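In what follows, chains are A, B, ... by sequence order, proteins preceding strands, each numbered from 1. Being a predicted model, the structure only gives us computed values, none of them experimental.
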Number of protein chains: 2
Amino acid sequence: MKLSKTSGYTIRLLSYMINSDLQVFQAGFLSEKLRIPDKYLRKILTDLSKSGFIKSIRGREGGYVFAKNANKITLWCVIDSIENINNYTGCVLGFGECSEENPCSLHYEYLPVREKLLNFLKTTTIADLKNENIGKF
Amino acid sequence: MKLSKTSGYTIRLLSYMINSDLQVFQAGFLSEKLRIPDKYLRKILTDLSKSGFIKSIRGREGGYVFAKNANKITLWCVIDSIENINNYTGCVLGFGECSEENPCSLHYEYLPVREKLLNFLKTTTIADLKNENIGKF
DNA sequence: ATAAATTACTACCTCAGTATAGCATTTGCA
DNA sequence: TGCAAATGCTATACTGAGGTAGTAATTTAT
């Protein structure tokens, strides 16, 4: 019931970026600041770039910048680009098909919890994480 | 954000048992009814037995029976016996320490979601899953 | 007693997520 | 022009969850 490690890394990364005054971010700098394994963070950055959330600038003085406004980047779409989103929308007991018509034994009890979770993921954006009080990334 | 596969199997198993008129359940019978890999379900049954939720009866005519009243078995304590419960209580971004005093960038936004989830897990019992309308295990 | 039906134990296999290593490519600055 | 600083790519290793296989131990029906 928690984000995958990669999703966690990614949201830490993006929230660090939105809370910084810098415009361009280098992988080495970020992995040091965020204490995320260097090579792994580089992979995440490349993937985020391919997904269109950030843009890469190659060559000397290069790095990464936001490719779209942070208030348009929801947790939902970030996670969707990393994990199987069915982990969040699917049946809590793991059934392939689980609906009002054909519910699992936890279906109705879990319904309001899922609603709250999905609403959180779909409405929270990276821009919402801009907060002067956070010193932890 | 879903239960581990093993936790899902386990809750399906217990909800099947509470919804059945039988008193004693054999592993082979259960794996067939629940379509859970036979050998794996046997392991789950042994673990549940060691955890004290069910009792095993060895030998011919043996099987498993509830070892405690199903209304005393919460989803929470079942999951806690299977997974690292920190997956549910811990920081959503994966920080070791994350609290009101030292929050992560998602801490306050995620708080009400976690509350709802934990309340659900801690208050829902296997007995609550007794329901005539469910034909799916 | 013995055979059959059942659980218990130990060891191994597989796969996806996580992490590492090395080299290729691009680009700006001296 | 060439070196340095950055990203891009490919291949490999590690780890834990999930799953499989075979044998041992226990108990009851006959």
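- Residue whose closest nucleotide on DNA chain D sits further toward the 5' end, between Lys39(B) and Lys43(B): Lys43(B).
- Distance, Leu30(B) CG to dT6(C) P: 12 Å, rounded to whole Å.
- OP1 or OP2 of dG19(D) lies within a sub-4.0 Å distance of a side-chain N or O belonging to Tyr9(B).
- The structure places CE of Met17(A) at 8.5 Å from CG of Leu48(A), a figure rounded to the nearest 0.5 Å.
- Atom NZ of Lys5(A) is separated from atom P of dT15(D) by 12 Å (rounded to the nearest Å).
- With Tyr16(B) as the partner, the ring-ring contact (aromatic ring centres under 6.0 Å, His included) test is satisfied by one option alone out of Phe137(B), Tyr9(B), Tyr64(B): Phe137(B).
- Nearest-nucleotide positions on DNA chain C for Pro37(A) and Gly63(B) put Gly63(B) closer to the 5' end.
- When the C1' atom of dG8(D) is taken as reference, atom CG of Leu41(A) falls 14 Å away, rounded to whole Å.
- As a whole-Å value, the separation of Asp38(B) CG from dG18(D) C1' is 15 Å.
- Distance, Phe29(A) CZ to dT7(D) C1': 17 Å, rounded to whole Å.
- Using a 4.0 Å heavy-atom cutoff across all strands shown, Ile57(B) reaches sugar-phosphate atoms only and no base atom.
- Looking at which nucleotide of DNA chain C each of Ile36(A) and Gly59(A) is closest to, the 5′-most match is held by Ile36(A).
- Atom OH of Tyr40(A) and atom P of dT7(D) are 18 Å apart (whole Å).
- If you check dG18(D), dC9(C), dG28(C) against the side chain of Arg60(A), the one that comes closest is dG28(C).
- For the pair Ser56(A) and dG8(D), the criterion of a side-chain N or O lying under 4.0 Å from OP1 or OP2 is met.
- For the pair Leu45(A) CG and dA19(C) C1', the computed distance is 15 Å after rounding to whole Å.
- Each of Lys50(A) and Glu61(A) lies near DNA chain D, and the nucleotide nearest Glu61(A) is the one positioned closer to the 5' end.
- Checking the phosphate oxygens (OP1, OP2) of dG17(C), no side-chain nitrogen or oxygen of Ser4(A) falls inside 4.0 Å.
- The interatomic distance linking Arg42(A) (CZ) with dA21(C) (P) rounds to 13 Å, in whole Å.
- Checked by distance alone, Arg58(A) brings a side-chain donor or acceptor within 3.5 Å of a matching partner on the base of dT25(C).
- In summary, of the residues considered (Asp47(B), Val65(B), Leu14(B)), a side chain to side chain contact (heavy atoms under 4.5 Å, CB included) with Ile54(B) occurs for Leu14(B) alone.
- In terms of phosphate contacts, Thr6(A) brings a side-chain nitrogen or oxygen within less than 4.0 Å of OP1 or OP2 of dT18(C).
- In this structure, the separation between NZ on Lys2(A) and OH on Tyr110(B) is 10.5 Å, given to the nearest 0.5 Å.
- Side chains of Ser7(B) and Glu83(B): a donor on one and an acceptor on the other come within 3.5 Å.
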